[in-house]
Amino acid sequence: MGRKKSLRNAGKFILRTDREPNRQGEYPVYIQYTLDGKVARGETGVCVKEKDWDASKQRVRSTHRMAARLNQVLDEKKLYIDTEVLLFVGPSSRRITIDILRRIVQGKPFTEEKPEVDFIQFMRDNQKRRHEVGKIAVSTHENGDNTIEGFREFLKEKLGRESIFCSEVTVNLISDYIVWRLDERGNKPATINKALTPIMKACKAAAIEELMNNRTAEAIGELYLTEKRSLANDEDEDNHSDHYLTEEKLQEMADLYPLQLRERSREYMDMWFLSLHTCGLRFSDILTLQWCDVHFDERMIRKVVVKTKRQIEIPLTDNAIELLKRFWQRNGNRRFVCGLLPEDFDLNDDLAVYHACLHKNASIKTCLKRIGKLMNLQFNLGMHCARHTFAVLALAEESR
């Protein structure tokens with residue numbers, strides 16, 4: 001009875017106004033469960049506007065047309081968690097760990113925790129499974145094993161050991177592997193892509209088995225190189241597609257800007273718009289843009305392009321100047337406009353520039369992809385889309 005009594009006040013509901021609102025301006029309601037000094041949070045599936053949430057009562061206000069139903073969902077959520085905790089603890093008051101409490105609150109199975117799994121062996125096993133079910137041919141299976149051996153050699157050089165756990169695989173590590181293939185092995189993009197395939201397939205499988213973070217696996221899955229890619233190429237992340245935004249979609253994107261709760265999200269959107277309003281500058285040139293390249297008095301940018309190594313001049317529009325002022329307010333008198341590169345970064349080091357573009361682009365792609373989904377785009381929004389959008393709008397303006 002005492003345990004049941006303590007559970008009554010263990011769970012409380014919180015409106016997460018620190019999260020991004022949905023298109024209707026609603027925030028997610030989370031349940032926060034505190035037990036024996038351990039705190040775990042989980043989603044409830046309920047989203048309401050701030051005005052419709054009574055924080056003191058932890059209820060949806062009666063003014064909401066679905067208040068009764070939503071409050072019922074919350075009550076059922078808490079009852080489920082209370083019941084699962086009681087069943088786990090049992091009459092012997094078995095100790096509950098934070099991991100188990102978190103799994104219960106988040107509605108995940110809380111069987112024995114999975115041990116760490118060797119990633120090299122997991123790749124080999126995944127290759128074997130795919131071959132056995134007819135997903136890949138014998139030759140592909142054998143070639144995959146050879147490329148896995150190459151990855152093992154990279155780990156030995158990079159980390160001083162021949163394998164790592166699935167949970168240790170990161171986007172940066174795979175990016176380093178790509179650069180190692182380019183620099184040390186002299187591989188072409190097509191060869192590197194073949195070497196990446198077993199890794200990406202294994203990452204996807206590891207995420208499904210909860211051996212790896214799902215977002216990490218997704219980001220790694222987007223690291224394929226284009227056929228024409230080289231150290232002089234930028235990261236044109238939507239593979240040089242011809243996707244662009246109409247004027248209506250541009251306005252919709254602009255309307256989403258003030259709704260972003262994270263300053264970093266607004267900063268990435270500003271980088272996209274800066275590309276648009278600077279004649280479609282590539283991401284690599286936005287990333288490496290220095291304040292010494294910007295001449296406000298002449299309303300001009302003079303910059304050496306990363307891809308061609310040629311100096312170009314770009315006129316500054318009112319929109320571009322406004323965006324540059326935002327970056328100045330954020331970063332002050334730092335060397336680089338966007339403030340994402342260290343002050344002593346060597347722009348003459350092609351490998352360093354390539355590596356920086358590869359690393360910095362991963363989180364920007366994730367942010368823009370999310371923005372694109374909010375806009376119901378039928379393609380993944382990326383930095384290169386700004387370049388195509390500028391071109392399409394400029395052509396339309398000329399034809400008027």
Side-chain angles (χ1 to χ4, degrees), residues 226 228-245 247 249-250 253-254 257 264 266-328 330-331 334-341 345 347-348 350 352-365 367-368 371-372 380-398:
T226 60
K228 296 181 180 179
R229 197 167 192 169
S230 69
L231 294 182
N233 289 134
D234 70 358
E235 71 312 317
D236 293 345
E237 68 273 52
D238 47 359
N239 297 327
H240 299 278
S241 67
D242 57 357
H243 296 309
Y244 66 92
L245 299 188
E247 292 185 359
K249 284 297 181 181
L250 270 178
M253 186 174 175
Y257 182 88
R264 184 64 81 183
R266 292 192 291 273
E267 183 177 353
Y268 290 160
M269 292 179 74
D270 279 341
M271 291 175 69
W272 193 95
F273 281 114
L274 184 60
S275 172
L276 173 70
H277 293 297
T278 52
C279 302
L281 269 180
R282 294 182 179 87
F283 169 67
S284 54
D285 292 309
I286 294 294
L287 181 68
T288 58
L289 183 65
Q290 305 174 84
W291 286 114
C292 62
D293 299 324
V294 180
H295 305 276
F296 286 109
D297 53 340
E298 302 177 50
R299 296 177 67 92
M300 188 73 65
I301 286 177
R302 293 190 183 90
K303 186 185 189 304
V304 175
V305 176
V306 170
K307 184 174 182 178
T308 64
K309 303 300 182 184
R310 295 178 180 177
Q311 180 166 301
I312 58 172
E313 291 188 351
I314 298 175
L316 287 176
T317 63
D318 290 340
N319 287 328
I321 290 175
E322 179 61 32
L323 287 162
L324 289 168
K325 287 180 178 178
R326 286 186 197 171
F327 281 109
W328 182 268
R330 287 192 187 101
N331 304 320
R334 298 178 65 180
R335 177 184 171 193
F336 294 97
V337 172
C338 296
L340 297 181
L341 296 176
F345 188 82
L347 291 178
N348 294 318
D350 288 341
V353 172
Y354 170 81
H355 207 175
C357 290
L358 203 62
H359 280 69
K360 300 299 181 183
N361 191 39
S363 55
I364 295 175
K365 286 173 66 175
C367 172
L368 292 178
I371 297 296
N380 290 335
L381 181 64
M383 284 294 295
H384 202 66
C385 178
R387 185 172 173 83
H388 280 287
T389 300
F390 164 76
V392 170
L393 295 181
L395 288 173
E397 184 66 27
E398 281 187 12

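All values below come from the heavy atoms of this structure, side chains included, with hydrogens, waters and symmetry mates left out.
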* Structure fact -> The reported gap from CG in Leu340 to OG1 in Thr288 (rounded to nearest 0.5 angstrom) is 11.0 Å

* Asked: Counting distance only, does the side-chain N/O of Asn380 pair as donor-acceptor with the main-chain N or O of Gly372 below 3.5 Å?
  -> no

* To do: Output yes when a side-chain donor or acceptor of Asp293 lies under 3.5 Å from a complementary backbone atom of Gln290, and no otherwise.
  => yes

* Asked: Between His388 and His243, what is the shortest heavy-atom contact and its length?
  -> CB-O, 3.2 Å

* Lys325 bridged to Glu322 by N-O distance under 4.0 Å -> no

* **Test item: side-chain donor near acceptor, Lys249 and Thr389, under 3.5 Å** => no

* Indicate yes or no for a side-chain donor-acceptor contact from Lys303 to the backbone of Ile312 under 3.5 Å, with no hydrogens or angles considered. => no

* Could you tell me whether a side-chain N or O of Arg335 sits under 3.5 Å from a main-chain N or O of Phe345, the two making a donor and an acceptor? => yes

* Evaluate the ring planes of His355 and His359, with Trp represented by its six-membered ring, and classify them as parallel (under 30°), tilted (30 to 60°) or perpendicular (over 60°). => perpendicular

* Mind checking the OG-CE spacing from Ser284 to Met383? Nearest 0.5 Å is all I need. => 9.5 Å

* Asked: Cation-pi between Arg330 and Phe327: NZ/CZ under 6.0 Å from ring centre and within 45° of the ring axis?
  -> yes

* To do: Kindly say whether Leu316 contributes a backbone atom to a donor-acceptor pair with the side chain of Arg299 at under 3.5 angstrom?
  => yes

* To do: Could you tell me which non-hydrogen atom of Leu368 sits nearest to which non-hydrogen atom of Tyr268, and how far apart they are?
  => CD2-O, 4.5 Å

